[in-house]
Amino acid sequence: MTDPDTGAPPDSKLTRSKLRWAQEHKFLTGREGRPESERLPPGQHLVRDWPVLDLGVQPNILKERWTLDVTGAVDTSIHWDWATFQAQPQSSFVSDMHCVTTWSRYDNRWDGVATRTLLDVVQPRADAHFVVLHADDGYTTNLPLADFAAADALLVHGWEGKPLTREHGGPVRLIVPHLYLWKSAKWLRAIEFKTADEPGFWETRGYHDRGDPWTEQRYSDD
Ligand SMILES: Nc1nc2c(c(=O)[nH]1)N[C@H]1C(S)=C(S)[C@@H](COP(=O)(O)O)O[C@H]1N2
Ligand SMILES: [Mo]
């Protein structure tokens with residue numbers, strides 16, 4: 001019998017060392033989950049400015065003309081105008097953002113309506129497991145309902161105390177801080193609740209279906 005890793009006999013010096021290391025839990029950091037010192041996900045670098053990325057069209061949507069439709073596998077479909085959106089309970093969060101093109105930006109202050117507030121209103125059906133976001137420029141992206149429903153996910157209309165600018169998706173975009181930024185649709189116009197997953201613009205062009213920065217879910221495997 002030989003050691004499956006090294007080919008060494010089972011009572012070699014190396015094997016004995018490995019057995020001892022296993023007993024001592026050597027090399028394990030003992031950290032539970034993500035340590036504070038690793039705020040930056042793997043393969044990312046920090047930026048101070050906020051880059052603009054989109055398909056090259058930046059729709060000019062007047063607040064007075066903006067509407068949000070929420071449809072599909074929900075008990076109550078909604079069609080909100082700007083005033084109705086502003087009349088919902090408001091939330092603010094500070095979070096980091098991570099773009100798959102490797103930049104990350106810390107401590108962004110967002111104002112908006114929490115996705116959980118929206119979920120209270122529309123009441124997703126028991127068989128709703130995914131959402132598809134539809135944007136004014138034709139962009140779409142898909143999310144598991146569980147990710148959309150994250151405690152700090154927001155329908156954002158304000159950044160750093162000012163209205164969200166057109167280039168960054170104003171008047172309203174989604175922000176889901178725990179996923180790569182391509183999941184956070186700018187110029188949000190409709191949210192569709194689905195029973196089955198339906199990949200969006202980048203997800204049908206080689207990006208990962210979920211997009212977790214901490215496990216580098218950048219691209220799909222196939
Ligand atoms: N409507 C729309 N939303 C979008 C995109 C887009 O092209 N259209 N691009 C996504 C991508 S790939 C990124 S990295 C972020 C960029 O957001 P920012 O320009 O505010 O940094 O928006 C995401 N949301
Ligand atoms: Mo992106």
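We count residues from 1, following the sequence as given. For ligands, and for the atoms within them, numbers begin at 1 and follow the listed sequence. Since this is a predicted model, take the numbers as computed values, not measurements.
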Looking at [atom], what's its closest protein heavy atom, distance included?
| atom | answer |
| --- | --- |
| atom 16 (C) of ligand 1 | Leu53 O, 3.4 Å |
| atom 11 (C) of ligand 1 | Trp182 CA, 3.7 Å |
| atom 21 (O) of ligand 1 | Pro51 O, 2.7 Å |
| atom 19 (O) of ligand 1 | Lys186 NZ, 2.5 Å |
| atom 24 (N) of ligand 1 | Ser184 O, 3.1 Å |
| atom 8 (N) of ligand 1 | Asp137 OD2, 2.7 Å |

Would you say Val176 and Leu154 are hydrophobically clustered, going by side-chain heavy atoms of ILVMFWY under 4.5 Å?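 No, Val176 does not connect to Leu154 through the hydrophobic network.
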Cluster check Tyr180, Leu40: I/L/V/M/F/W/Y, side chain < 4.5 angstrom: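 No; tracing contacts between hydrophobic side chains, which count when under 4.5 Å, never links both residues.
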Using a 4.0 Å heavy-atom cut-off, say whether [X] meets ligand 1 through its side chain, its backbone, both or neither.
| X | value |
| --- | --- |
| Tyr139 | side chain |
| Arg173 | side chain |
| Phe201 | neither |
| Trp202 | side chain |

Between Glu160 and Lys162, does any NZ, NE, NH1 or NH2 come within less than 4.0 Å of an OD or OE carboxylate oxygen? no
Please determine if Arg39 and Asp107 form a salt bridge, counting it only when a charged side-chain N lies under 4.0 Å from a carboxylate O. yes
Taking distance alone, with N or O pairs closer than 3.5 Å, would you say [X] contacts ligand 1?
| X | result |
| --- | --- |
| Ala135 | no |
| Asp54 | no |
| Cys99 | no |
| Trp50 | yes |

Hey, can you tell me if Trp159 and Trp110 have their rings parallel, tilted or perpendicular (30° and 60° cut-offs)? tilted
Sub-4.0 Å atoms of ligand 1 with respect to non-hydrogen atoms of [X]:
| X | value |
| --- | --- |
| Trp187 | 1 (N), 2 (C), 8 (N) |
| Ala185 | 3 (N), 24 (N) |
| Trp103 | 21 (O) |
| His168 | 18 (P), 19 (O), 20 (O), 21 (O) |
| Leu55 | 7 (O) |

State which residue, out of Gln90, Arg173, Lys63, fulfils the side-chain hydrogen bond (donor to acceptor under 3.5 Å, both in side chains) condition with His157.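 For His157, the side-chain hydrogen bond (donor to acceptor under 3.5 Å, both in side chains) check succeeds only for Gln90.
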Quick one: are [X] and [Y] in side-chain contact, heavy atoms under 4.5 Å?
| X | Y | result |
| --- | --- | --- |
| Gln88 | Leu155 | no |
| Asp209 | Asn142 | yes |
| Lys183 | Asp147 | no |
| Tyr207 | Gln217 | no |

If the contact criterion is a heavy-atom separation under 4.0 Å, does Tyr207 count as touching ligand 1? no
Show your reasoning for whether side-chain hydrogen bond (donor to acceptor under 3.5 Å, both in side chains) applies to Gln58 and Trp187. CA-CA 8 Å; Gln58 298 179 344; Trp187 310 293; over 6 Å; no
Modelled atom types, side-chain donor and acceptor of Asp81 and Thr84, under 3.5 Å: yes
